[in-house]
Participant: 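Starting off with a structure, shown below.
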Amino acid sequence: MKHQMKLASAIIAATMLLSACGNAADDKKADDTKSQTDSTAKTTDSNTSTDSKDSAYGITSKLGDATAGNKKFENYPTWGYDLGNTRHVPYKGITADNAKDLGVIWSADFKKIDSSILNGNQSYPVVADGVVYVSVSGSQVFAFDALSGKQLWHWKPDEAQAANFKKAGIVANRGVAVAEGKVFMLTIDNNVVALDQKTGKLIKMEPISNTMPEVTLANGYYETTAPIYYKGNIYIGSSGGDNGARGFVMAYKASDLTPAWDSPFWTVPPKGQDWLAGNKYQGGGAVWCPVTIDEETGIMYFSVGNPAPDFYGEDRPGANPYTDSVVAVDAASGKLKWAKQEISHDLWDYDAAASPMLMNATVNGKQQKVVVEGGKSGQWWAWDAATGKVIYDGVPFAKIDHPKPTPEGVLVYPGTLGGENYAPETYDPESNFVLIPGIEAPNVLKSAKSTDEAYNDAYVGAKAFGTTMGAAPDNIKSYGTITAIDMNTGKVAYQNKTTDMMRGGFTSNSAGLAFYGELDGKMNAMDIKTGKLVWTFQTTGDNIGAAPSFFTVDGKDYFVQTTGGSKPQIMVFGLGGDKTQGHEGSADDSSAHSKK
């Protein structure tokens with residue numbers, strides 16, 4: 001049996017370019033990771049005046065620098081706005097009534113700044129005191145003045161280091177952490193990087209392998225996630241579970257990048273032990289999306305990916321804990337609090353992928369602190385934040401049909417891309433709704449007949465799949481969904497269909513709007529209570545695989561959005577901005593139920 005069969009072009013593009021779960025692996029060659037010094041990276045300063053033509057579109061910003069003068073800022077300080085990752089901002093300036101006046105304040109084409117920047121951008125910016133900090137594919141970082149778009153600095157790894165990134169098979173980077181005068185990022189080749197916040201100069205690059213020797217490209221590990229800062233520590237996970245890499249979460253001191261925990265929290269046993277006793281793989285269980293933290297209790301929550309090999313489970317008997325789970329640990333020590341598994345003995349690549357979301361919600365008429373997460377299985381859960389007691393158990397938001405894979409092949413819903421993939425949810429306290437970005441992309445799975453057959457060094461990105469993947473029949477089309485869950489009842493309030501898979505996720509504001517992008521490059525604003533669109537704008541970006549970040553300068557609201565695909569760009573939107581770069585688009589907000 002060949003190890004790989006051809007997918008339909010849409011599935012290939014989504015899997016190889018956009019999927020973060022991995023469907024990507026290292027070629028098992030030696031890793032060149034080593035200690036780095038300031039001389040191993042380049043920092044560029046390509047400042048332009050505030051009246052200079054924008055590099056992407058040739059527009060002029062007349063707003064002046066956000067960082068100049070005595071201005072008042074409200075920030076987007078971390079990946080999910082707050083450490084609960086609700087992606088809900090308290091800013092009310094953009095409303096259903098005035099959203100039609102939104103336009104582009106400034107924009108930049110990353111490839112025109114640096115032609116070495118790679119395709120597939122999926123970055124979620126952070127905004128601090130009038131400066132936008134954003135990473136791009138290939139582990140590069142930029143700082144821009146938030147109002148003028150003036151480039152303040154640009155950091156990138158040197159050519160020798162960057163040359164190794166192709167070994168990972170995926171080069172996305174989903175964001176940075178900004179704290180203590182530094183900007184923190186994770187490189188594809190498993191380094192924790194600290195940059196000077198003002199200049200972009202490299203302060204330190206710490207190989208994760210100094211703490212965990214096995215964490216190398218050669219062993220299937222790579223980094224795409226955004227680090228999270230909390231109480232002096234930087235918290236990270238890792239990608240590579242599909243390659244058989246053993247999943248973990250670890251904490252480093254922000255001051256010097258030395259370990260803050262005595263040992264990592266490993267999500268699966270060591271190779272050869274427990275349910276991995278007869279398995280040649282490390283076990284999977286990657287934590288490849290940012291962690292969530294309760295600042296009141298110090299409990300940290302994270303989602304864990306699939307076991308390995310993905311679709312062949314004969315050599316990993318039992319439930320395979322903590323794979324496909326949401327896990328709660330003490331943030332200060334990494335000690336386990338509770339864990340809840342979503343899919344037992346996963347055979348379908350049904351990670352708990354997207355970051356958990358923590359919020360105070362009305363549940364059965366009473367306020368309760370809850371943790372929620374939607375899995376790639378097409379189901380959504382809610383648990384009590386302190387105890388892990390189940391509140392809502394596997395609420396379906398997609399068509400679900402996952403028979404056991406066979407060598408002959410089976411059609412699986414909602415498919416290996418989702419359910420809910422890495423795209424984040426948002427919570428709106430006014431409506432008490434959670435919004436879930438969904439994917440309906442069924443595909444055919446064929447299992448291996450043995451572990452030896454599943455493992456094949458000739459194929460990058462599929463070593464540990466234990467299967468081949470094929471497209472669904474031509475008459476079955478993939479699409480996306482937006483599902484609103486009423487937290488009071490756990491029931492679906494409405495579900496809209498989107499033409500393309502929902503890959504970027506949501507950010508909501510306190511005026512009752514949710515903002516999201518689509519794979520055709522459109523930006524949308526939706527009334528959360530009704531599910532109706534109030535604004536659609538066709539950007540010149542190739543696709544959008546991230547959600548916007550909001551900020552204010554002198555009381556006026558703005559949001560910053562990245563695009564990906566072959567046209568990685570960044571753009572800031574605000575009321576009164578330029579509408580000539582794109583045009584008023586059209587999008588689908590019809591009921592998904594009527595389309596099935």
Participant: Kindly give the heavy-atom pair with the smallest separation between Pro125 and Ala547, and that separation in Å.
Facilitator: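 Taking Pro125 first and Ala547 second, the nearest heavy atoms are CD-O, 4.4 Å.
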Participant: Do the side chain of Ser355 and the main chain of Pro290 share a donor and acceptor less than 3.5 angstrom apart?
Facilitator: yes
Participant: Within the side chain of Ser135, is there an N or O that forms a donor-acceptor pair under 3.5 Å with the backbone of Gly175?
Facilitator: yes
Participant: Using side chain to side chain contact (heavy atoms under 4.5 Å, CB included), reason through Val326 and Phe302 one step at a time and then give a plain yes or no.
Facilitator: CA-CA 6 Å; Val326 168; Phe302 52 88; over 6 Å; no
Participant: Report yes or no: does Asn243 contribute a side-chain atom to a donor-acceptor pair with the main-chain N or O of Gly220 at less than 3.5 Å?
Facilitator: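 Looks like yes, one N/O pair under 3.5 Å.
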Participant: Go through Trp106 and Phe144 one step at a time and tell me if the ring-ring contact (aromatic ring centres under 6.0 Å, His included) criterion holds.
Facilitator: CA-CA 11 Å; Trp106 64 267; Phe144 295 99; 5.3 Å; yes
Participant: Applying the side chain to side chain contact (heavy atoms under 4.5 Å, CB included) test to Ile208, which of Ile236, Asn191, Asp189, Leu257 qualifies?
Facilitator: Ile236
Participant: Aromatic ring centroids of Phe551 and Tyr76 under 6.0 Å?
Facilitator: no
Participant: Decide yes or no on side chain to side chain contact (heavy atoms under 4.5 Å, CB included) for Thr292 and Met300, but give the supporting numbers first.
Facilitator: CA-CA 6 Å; Thr292 300; Met300 182 172 72; over 6 Å; no
Participant: Check whether NZ of the Lys or CZ of the Arg Arg174 lies under 6.0 Å from the centre of the six-membered ring of Trp288 and within 45 degrees of that ring's axis.
Facilitator: no
Participant: List the residues meeting ring-ring contact (aromatic ring centres under 6.0 Å, His included) with Phe573, not counting sequence neighbours, and say none if there are none.
Facilitator: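 Phe573: ring-ring contact (aromatic ring centres under 6.0 Å, His included) contacts with Trp535, Phe537, Phe559.
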Participant: Quick check: closest heavy atoms across Tyr222 and Ala168, and the distance to 0.1 Å?
Facilitator: CB-CB, 3.7 Å
Participant: Taking all atoms of both residues into account, what is the closest heavy-atom pair of Lys253 and Asn233, and its distance?
Facilitator: CA-OD1, 3.9 Å
Participant: When you measure from the side chain of Ser123 to the backbone of Val136, do you find a donor-acceptor pair of N or O atoms at a distance under 3.5 Å?
Facilitator: no
Participant: Check the pair Val192 / Leu186 against side chain to side chain contact (heavy atoms under 4.5 Å, CB included), numbers first and verdict last.
Facilitator: CA-CA 5 Å; Val192 186; Leu186 303 171; 3.7 Å; yes
Participant: Verify, without hydrogens or angle tests, whether Ser303 (side chain) and Ala354 (backbone) share a donor-acceptor contact under 3.5 angstrom.
Facilitator: yes
Participant: If we ignore hydrogens and angles and just use 3.5 Å, is the side chain of Asn509 paired with the main-chain N or O of Ile94 as donor and acceptor?
Facilitator: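 Flag set: sc Asn509 to bb Ile94 pair under 3.5 Å.
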Participant: Is there a donor-acceptor pair under 3.5 Å between the side chain of Ser209 and the backbone N or O of Met212?
Facilitator: no
Participant: Taking the side chain from Arg87 and the backbone from Phe506, do they hold a donor-acceptor pair closer than 3.5 Å?
Facilitator: yes
Participant: Please name the pair of heavy atoms, one in Gly574 and one in Ile105, separated by the smallest distance, quoted to 0.1 Å.
Facilitator: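 Shortest heavy-atom contact: N-CG1, 3.5 Å.
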Participant: Before giving the answer on side chain to side chain contact (heavy atoms under 4.5 Å, CB included), spell out for Val193 and Leu202 the whole-Å C-alpha distance, their side-chain angles and the decisive distance to 0.1 Å.
Facilitator: CA-CA 8 Å; Val193 170; Leu202 180 65; 3.7 Å; yes
Participant: Compare every heavy atom of Ala163 with every heavy atom of Lys166, then report the nearest pair and how far apart it is.
Facilitator: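 Reported closest heavy-atom pair: CG-O, 3.5 Å.
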Participant: So, Asp196 side chain and Lys198 main chain: donor-acceptor pair closer than 3.5 Å or not?
Facilitator: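 A pair under 3.5 Å: yes.
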